[in-house]
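A quick write-up on the structure given underneath.
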Amino acid sequence: MARPSWDDYFMGLVDQVATRATCDRGKSGCVVVRDKRIICTGYVGSPSGLPHCDDVGHDLRQVIDEDGTARHHCVRTVHAEQNAICQAARYGLSLADTTLYCSMEPCRVCALLIASTGITRVVARRRYHAGQDTRRILAQAGVELIVLDDSVEGYDDQ
């Protein structure tokens with residue numbers, strides 16, 4: 001059996017990190033790497049000390065897209081990318097010149113954070129249903145975005 005590429009290896013770790021997620025609507029994970037070494041990880045979950053969706057249910061909010069499509073988002077949790085960036089900040093770890101591996105394309109807010117922290121490359125397993133802003137933001141910031149599977153990530157009651 002051939003050894004996996006570095007991207008495949010770290011994407012496999014993203015899947016493992018995602019198993020810690022505490023919101024079953026978006027079981028996603030994130031691994032941030034520099035020079036083939038893990039800097040930090042993150043998964044979808046509530047901030048420390050706050051209740052988890054798995055324990056008390058979702059805190060769903062309706063969002064209306066510009067085209068009138070109604071979507072539901074759980075606002076109880078912090079995204080995997082946000083949690084990874086917060087962990088790096090908490091422990092004083094620079095994310096300059098790193099690669100961020102994630103389950104799906106980051107959302108708009110995560111893309112802004114990625115651009116602000118000096119992350120230079122993002123590898124995502126699948127597309128995000130609202131990833132247009134993400135692609136524009138990352139391109140303008142000079143962050144390389146690689147999406148391994150062009151299908152859109154879906155979840156219940158999206």
Side-chain angles (χ1 to χ4, degrees), residues 4-23 25-48 61-155 158:
S5 70
W6 285 108
D7 283 349
D8 289 340
Y9 172 72
F10 289 119
M11 285 305 297
L13 294 177
V14 164
D15 295 339
Q16 185 62 39
V17 171
T19 66
R20 292 281 307 153
T22 63
C23 180
R25 293 187 76 247
K27 290 251 184 208
S28 62
C30 176
V31 175
V32 182
V33 173
R34 181 186 303 109
D35 299 326
K36 301 178 182 122
R37 302 290 178 256
I38 296 170
I39 303 299
C40 57
T41 65
Y43 53 84
V44 171
S46 298
S48 296
R61 303 290 165 87
Q62 186 177 49
V63 176
I64 308 295
D65 292 339
E66 288 181 14
D67 66 1
T69 302
R71 300 187 184 276
H72 294 94
H73 291 274
C74 182
V75 297
R76 182 178 309 287
T77 59
V78 177
H79 293 180
E81 300 87 346
Q82 294 165 353
N83 264 326
I85 290 167
C86 287
Q87 289 303 311
R90 185 176 190 169
Y91 295 103
L93 303 170
S94 171
L95 297 182
D97 302 317
T98 57
T99 296
L100 183 145
Y101 293 89
C102 51
S103 301
M104 70 181 107
E105 281 179 303
C107 73
R108 182 181 189 283
V109 171
C110 288
L112 292 169
L113 292 171
I114 288 165
S116 296
T117 60
I119 293 168
T120 55
R121 185 169 176 257
V122 173
V123 179
R125 179 161 324 284
R126 283 183 279 293
R127 296 273 178 207
Y128 175 53
H129 69 86
Q132 302 85 343
D133 282 347
T134 293
R135 292 187 284 277
R136 180 183 51 77
I137 290 164
L138 295 181
Q140 287 178 342
V143 177
E144 180 184 12
L145 173 63
I146 297 167
V147 180
L148 301 175
D149 176 349
D150 209 37
S151 66
V152 176
E153 180 76 20
Y155 43 89
Q158 188 172 352

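This is a predicted model, so every value here is computed, not measured.
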About how many Å separate OG1 of T99 and CG of D35, when rounded to the nearest 0.5 Å? 9.5 Å

Which residue pairs pass the salt bridge (Lys or Arg N to Asp or Glu O under 4.0 Å) test with at least one member in residues 108-122, sequence neighbours excluded? D7-R121, R108-D133, R121-E144

Minimum-distance pair of heavy atoms, taken over all atoms of A18 and K27: CB-O, 3.7 Å

Is any side-chain heavy atom of M11 closer than 4.5 Å to one of P4? no

Sequence neighbours excluded - ring pair (Phe, Tyr, Trp, His ring centres under 6.0 Å) pairs with any residue from residues 89-119: F10-Y101

Distance-minimising heavy-atom pair for G42 and N83: CA-CB, 4.0 Å

Point-to-point distance, once rounded to the nearest 0.5 Å, from OG of S28 to CG of D15: 10.5 Å

What one should report as the nearest heavy-atom pair of A141 and A115 is CB-CB, 3.6 Å

Is it true that a side-chain atom of D149 and a backbone atom of R126 form a donor plus acceptor pair closer than 3.5 Å? no

Closest heavy-atom pair, S46 versus T77, reported as atoms and distance to 0.1 Å, is N-CG2, 4.0 Å

Is S103 reaching over with its side chain to a backbone N or O of G29, donor-acceptor style, under 3.5 angstrom? yes

Exam field: side chain R34 to backbone S94, donor-acceptor pair closer than 3.5 Å: yes

Atom of M104, atom of R127 and distance for their closest heavy-atom approach: CB-O, 4.1 Å

Is the closest side-chain heavy-atom distance between C102 and V122 below 4.5 Å? yes

Under 3.5 Å, side chain of R25 to main-chain N/O of H72, donor-acceptor pair present? yes

If you count heavy atoms of other groups shown closer than 6.0 angstrom to CZ of R135, is the number above 12? yes

Can you tell me which residue among L112, I114, I119 is in a side chain to side chain contact (heavy atoms under 4.5 Å, CB included) with L138? I114

For P106, does its backbone N or O pair with a side-chain atom of T134 as donor and acceptor, under 3.5 Å? yes

Working to the nearest 0.5 Å, report the span between CG of L148 and CG of D150. 10.5 Å

Can you tell if the side chain of I85 reaches within under 4.5 Å of the side chain of C110, non-hydrogen atoms only? no

To the nearest 0.5 Å, atom OG1 of T22 lies from atom CZ of R76 at 9.5 Å

Which heavy-atom pair separates Y128 from E105 by the least distance, and what is that distance? N-OE1, 3.0 Å

Kindly compute the distance separating OG (S48) from CZ (R90), expressed to the nearest 0.5 Å. 5.5 Å

Only one of V44, L113, V32, L100 passes side chain to side chain contact (heavy atoms under 4.5 Å, CB included) with E81; say which it is. L100

